[in-house]
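Please read these numbers as outputs of a predicted model, since none were measured by experiment.
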Amino acid sequence: MDITGITGDAFKDWVIAILGNIFIIVMVVRAVGHYTKREWGELVGNLAFAVVVAAIVYFPNQFIGLLKGVWNLFTGGNG
């Protein structure tokens, strides 16, 4: 059994996916609660936060690229 190539990346990705899914489920349940109470501001805030978390969990490389692009916009590419 060769263990020289084991880095733990697969396990880390699995844990992040599970925790991200649980967090998204919690956010959806909260959003439904805000919808039933007609708390529109809280609903929009929860949905926006859930979208950001989903981007971090499911598209981490693209999200990092987006953050780098936004940073370069603010710093003029000197960051």
Side-chain angles (χ1 to χ4, degrees):
M1 178 177 186
D2 183 24
I3 61 171
T4 58
I6 296 176
T7 62
D9 285 340
F11 180 72
K12 178 191 70 161
D13 293 341
W14 182 75
V15 169
I16 289 173
I18 297 294
L19 293 176
N21 286 334
I22 290 170
F23 188 75
I24 290 171
I25 290 169
V26 168
M27 294 304 291
V28 168
V29 168
R30 287 177 50 111
V32 169
H34 292 306
Y35 177 76
T36 58
K37 294 179 186 177
R38 304 220 185 266
E39 297 172 341
W40 304 117
E42 294 287 333
L43 174 64
V44 170
N46 277 334
L47 290 177
F49 192 62
V51 167
V52 171
V53 170
I56 293 170
V57 170
Y58 294 113
F59 310 108
N61 295 331
Q62 293 85 346
F63 187 75
I64 291 170
L66 174 71
L67 291 178
K68 286 180 180 178
V70 170
W71 180 256
N72 285 335
L73 280 174
F74 284 116
T75 63
N78 298 324

K.L.:
If Ile, Leu, Val, Met, Phe, Trp and Tyr residues are connected whenever their side-chain heavy atoms lie under 4.5 Å apart, and connections chain through other members, are Val70 and Ile64 in the same group?
P.N.:
no

K.L.:
Could you list the donor-acceptor pairs under 3.5 angstrom formed by side chains in residues 27-37, with sequence neighbours left out?
P.N.:
| unit_1 | atom_1 | unit_2 | atom_2 | d |
| --- | --- | --- | --- | --- |
| His34 | ND1 | Glu39 | OE1 | 2.5 |
| His34 | NE2 | Asn46 | ND2 | 3.1 |
| Thr36 | OG1 | Val32 | O | 3.4 |
| Thr36 | OG1 | Gly33 | O | 2.8 |

K.L.:
Ile56, Val51: one ILVMFWY side-chain cluster at the under-4.5 Å cut-off?
P.N.:
no

K.L.:
To the nearest 0.5 angstrom, please state how far the CG atom of Leu19 sits from the CH2 atom of Trp14.
P.N.:
9.0 Å

K.L.:
Using a 6.0 Å cut-off, check whether atom CZ of Phe49 has over 12 heavy atoms from anything other than its own residue.
P.N.:
no

K.L.:
Between Trp40 and Leu47, is there shared hydrophobic-cluster membership here, with clusters defined by ILVMFWY side-chain heavy atoms closer than 4.5 Å?
P.N.:
yes

K.L.:
If every non-hydrogen atom of Val57 is compared with every non-hydrogen atom of Ala17, which pair is closest and at what distance?
P.N.:
CG1-CA, 4.0 Å

K.L.:
Would you say Val52 and Ile24 are hydrophobically clustered, going by side-chain heavy atoms of ILVMFWY under 4.5 Å?
P.N.:
no

